[in-house]
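What you see below is based on every heavy atom in this structure, not just the backbone, and it leaves out hydrogens, waters and symmetry mates. Below, read A as the first sequence line, B as the second, and so on, with proteins coming before strands; counting in each chain starts at 1.
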Amino acid sequence: MIDLKIVREDPERVRASQRARGEDPAIVDQLLSADERRRGAEVAFGALRNEQRELGKLIGPLQGQLKRATDDHRAGVQAEIDALMSGASDLSNRVKLAESDRDTADLETAALVAKLSNLIDPGAPMGGEDDFVVLEHVGTPRDFAAEGITVRDHVELGEILGAIDIERGAKVSGSRFYYLTGVGALLELALVNHAIAMAGLNGFIPIIPPALVKPAAMEGTGFLGQAAENVYRLEADDMYLVGTAEVPLAAYHSDEILEIDSLPRRYVGYSPCFRREAGSHGKDTRGIFRVHWFDKVEMFTYCAPEDALDEHQRLLGWERQFLDSLEVPYRVIDVASGDLGSSAARKFDIEAWIPSQERYREVTSTSNCTEFQARRLRVRLRDSDGVRPLATLNGTLVAITRTIVTLFENHQQADGSVYVPLALRPYLGGREFLVPV
RNA sequence: GGAGGAUUCGCCUAGUGGCCUAGGGCGCACGCUUGGAAAGCGUGUUGGGGGCAACCCCUCAGGGGUUCAAAUCCCCUAUCCUCCGCCA
């Protein structure tokens, strides 16, 4: 959630952000009026409750006296108590009413503030999905025609190599499921080991988190808003399957206060990711580019808000370092305001070249969520000035399926074998090529 | 799945309806003391909301209830521990 103080002091900034996202700016004004009611109700309740407590302070000691009093004083003390008690019941009722008003106003305000998406970073390009800005191209797509190679897509290569079994994935689990077999399975383990080793060198603490979480974790990370239809929910247990390790990693420190000296804290999580892909019927139906489940290695940082911009660049840098090590061509884009998730203030995607599609497609993504998730999850930092929210950021190191697509297609040879980038060889028994089975 | 027990300010703990609307110890911070340190002494030390301010309210795992008044009594839930059963 965003800071209510900002809504109060600079509502136009919040409205502008909502508009840039293509979301409702009117929530801001509903929120302002709810907040005013909330503060009024708070004052009214506080005053009544204070009155009640003062009364209690008078009655308490008298009750003590009554217990110790001799018979001739008892009647007098009792009379004093009765006098104080005479209005107490009525006061108690008024306290309860005021409390319930306050609670109602609190809930209204909280519900409205929860509807607001994060304030977008002024640096983000304005516009919709297609209004991204290309920041950089790295590497050059191979000219397969010049090499005399007819491009095979990853499905075909996966079959030739005995690496991907889509038919049986569909038989057992339905559409958008697959088995990784043989070198496919080995390749996942290699990618994961490579990614986590690299992250370890960069100061990340490896974590294998739970992939099934309670509603609070899902809500806190902002996935139950616009993205709710893409989340798997287990009705019988009121639990959710995570769509990314970002969820359990963000909730890891929920309700905690982290000392400023311990920041930044960098975690690298390896988890399965589950996505319903509602609303993407007919999109990327071939192969394993868009699936209901895949495994992913994700970076996650907790840092001071003032360090978030720099950290975002570092995360992007580490993503690039990883892509570089795979020796594939890619470009970096600055995602436009209308295409940001509700938690992100700014987002950079790395899109790798996919030869069979002859275009760049998203393989990793890094978001600066500023204080948005931290406020929802009550993760704060303590420095010499006290306690305040911190910033959270996340970035993909490797999303297995899309990375396999990228590797297979870019590194394919005329005979259907696939070149193994140098960085992965130590994790694949020194193989230079994956060869047809 | 069944039966017990636990949950209080970072840690330990006092507290069984009103002089506890939360006390003490440890730790930590600052000060005094000292040539310096330790010890000792003193002061401070949960978080949140509201108010121009003085200051007020909430917060004893969470939620309901009883009461003029709840850490304390009742109900529900969560988590942890022990034992039994079941499974790997």
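A heavy-atom distance below 4.5 Å is not found between the side chains of A:E188 and A:L191.
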What protein N or O atoms touch nucleotides 51-61 of chain B N or O atoms at under 3.5 angstrom, if any, and at what distances?
from, atom 1, to, atom 2, distance (Å)
B:rG51, OP1, A:R39, NH1, 3.2
B:rC56, O3', A:N50, ND2, 2.8
B:rC57, OP1, A:N50, ND2, 2.6
B:rC58, OP1, A:R49, NE, 2.3
B:rC58, OP1, A:R49, NH2, 3.2
B:rC58, OP2, A:R53, NH1, 2.4

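Rounded to whole angstrom, the span from the CG atom of A:L48 across to the C1' atom of B:rA69 amounts to 16 Å. In this structure, the CG atom of A:D261 is 15 Å from the C1' atom of B:rG10, given to the nearest Å. Taking atom CD of residue A:E259 and atom C1' of nucleotide B:rG27, one finds them 13 Å apart after rounding to whole Å. Distance, A:E256 CD to B:rG47 C1': 14 Å, rounded to whole Å. Atom NZ in A:K96 sits about 7 Å away from atom C1' in B:rU67, given to the nearest Å. Rounded to whole Å, atom P of B:rU46 lies 18 Å from atom CG of A:D255. The separation between A:E99 atom CD and B:rU67 atom P is 15 Å, rounded to whole Å. Distance, A:E108 CD to B:rG49 C1': 17 Å, rounded to whole Å.
Nucleotides B:rU8 and B:rC81 have their P atoms positioned 15 Å apart, rounded to a whole Å. Nucleotides B:rU59 and B:rG65 have their P atoms positioned 14 Å apart, rounded to a whole Å. Rounded to the nearest Å, the gap between the P atom of B:rU72 and that of B:rG63 is 13 Å. Here the separation of B:rG5 from B:rC57, taken at their P atoms, is 37 Å to the nearest Å. For the P atom pair drawn from B:rA71 and B:rU21, the interatomic distance equals 8 Å after rounding to whole Å. One P atom belongs to B:rG64, the other to B:rA70, and the distance between them is 14 Å to the nearest Å. Rounded to whole Å, the separation between the P atoms of B:rC11 and B:rC60 comes to 16 Å. Of the P atoms belonging to B:rA6 and B:rA61, the separation is 13 Å, rounded to the nearest Å.
Listed by chain and residue number, nothing satisfies the salt bridge (Lys or Arg N to Asp or Glu O under 4.0 Å) test with A:D121 (two or more places apart in sequence, or in another chain). Remark: A:A110 pairs with no residue by the side-chain contact (heavy atoms from CB on, under 4.5 Å) rule, at least two apart or across chains. With sequence neighbours excluded, no residue forms a salt bridge (Lys or Arg N to Asp or Glu O under 4.0 Å) with A:D24. Listed by chain and number, the residues in a side-chain contact (heavy atoms from CB on, under 4.5 Å) with A:R382 are A:I257, A:E259, A:V387 (sequence neighbours excluded). Listed by chain and number, the residues in a side-chain contact (heavy atoms from CB on, under 4.5 Å) with A:R19 are A:E12, A:R15, A:A16, A:P25 (sequence neighbours excluded). With sequence neighbours excluded, the residues forming a side-chain contact (heavy atoms from CB on, under 4.5 Å) with A:L186 are A:L428, A:R431, listed by chain and number.
For the strand RNA chain B, secondary-structure stems (runs of at least three Watson-Crick or G-U pairs, all distances below 3.5 Å) span B:1-7 with B:78-84, B:10-13 with B:23-26, B:27-32 with B:40-45, B:47-50 with B:55-58, B:61-65 with B:73-77.
An OP1 or OP2 oxygen of B:rA69 is reached within less than 4.0 angstrom by a side-chain nitrogen or oxygen of A:S92. Regarding contacts with the backbone of B:rA69, a side-chain N or O of A:Q52 is found under 4.0 angstrom from either OP1 or OP2.
For A:R382, the listed nucleotide lying nearest its side chain is B:rG47; candidates were B:rA78, B:rG47, B:rU67. Counting only heavy atoms from C-beta on, A:R38 has its side chain closest to B:rG50 among B:rG47, B:rA78, B:rG50.
Residue-to-nucleotide proximity on RNA chain B shows that, of A:D106 and A:D103, the 5′-proximal contact is made by A:D106. Of the two residues near RNA chain B, A:K214 and A:L4, the one whose nearest nucleotide lies more 5' is A:L4.
For residues 398-409 of chain A, the pairs satisfying side-chain hydrogen bond (donor to acceptor under 3.5 Å, both in side chains) are A:H154-A:E409, A:S356-A:E409, with sequence neighbours left out.
No close placement of the A:H253 and A:F300 rings is indicated, their centers lying 6.0 Å or farther apart.
Aromatic ring pairs are classed by plane angle as parallel below 30°, tilted from 30° to 60° and perpendicular above 60°; the pair A:F177 and A:H292 is tilted. Ring pair A:F274/A:Y232 is perpendicular by interplanar angle, where above 60° counts as perpendicular and below 30° as parallel.
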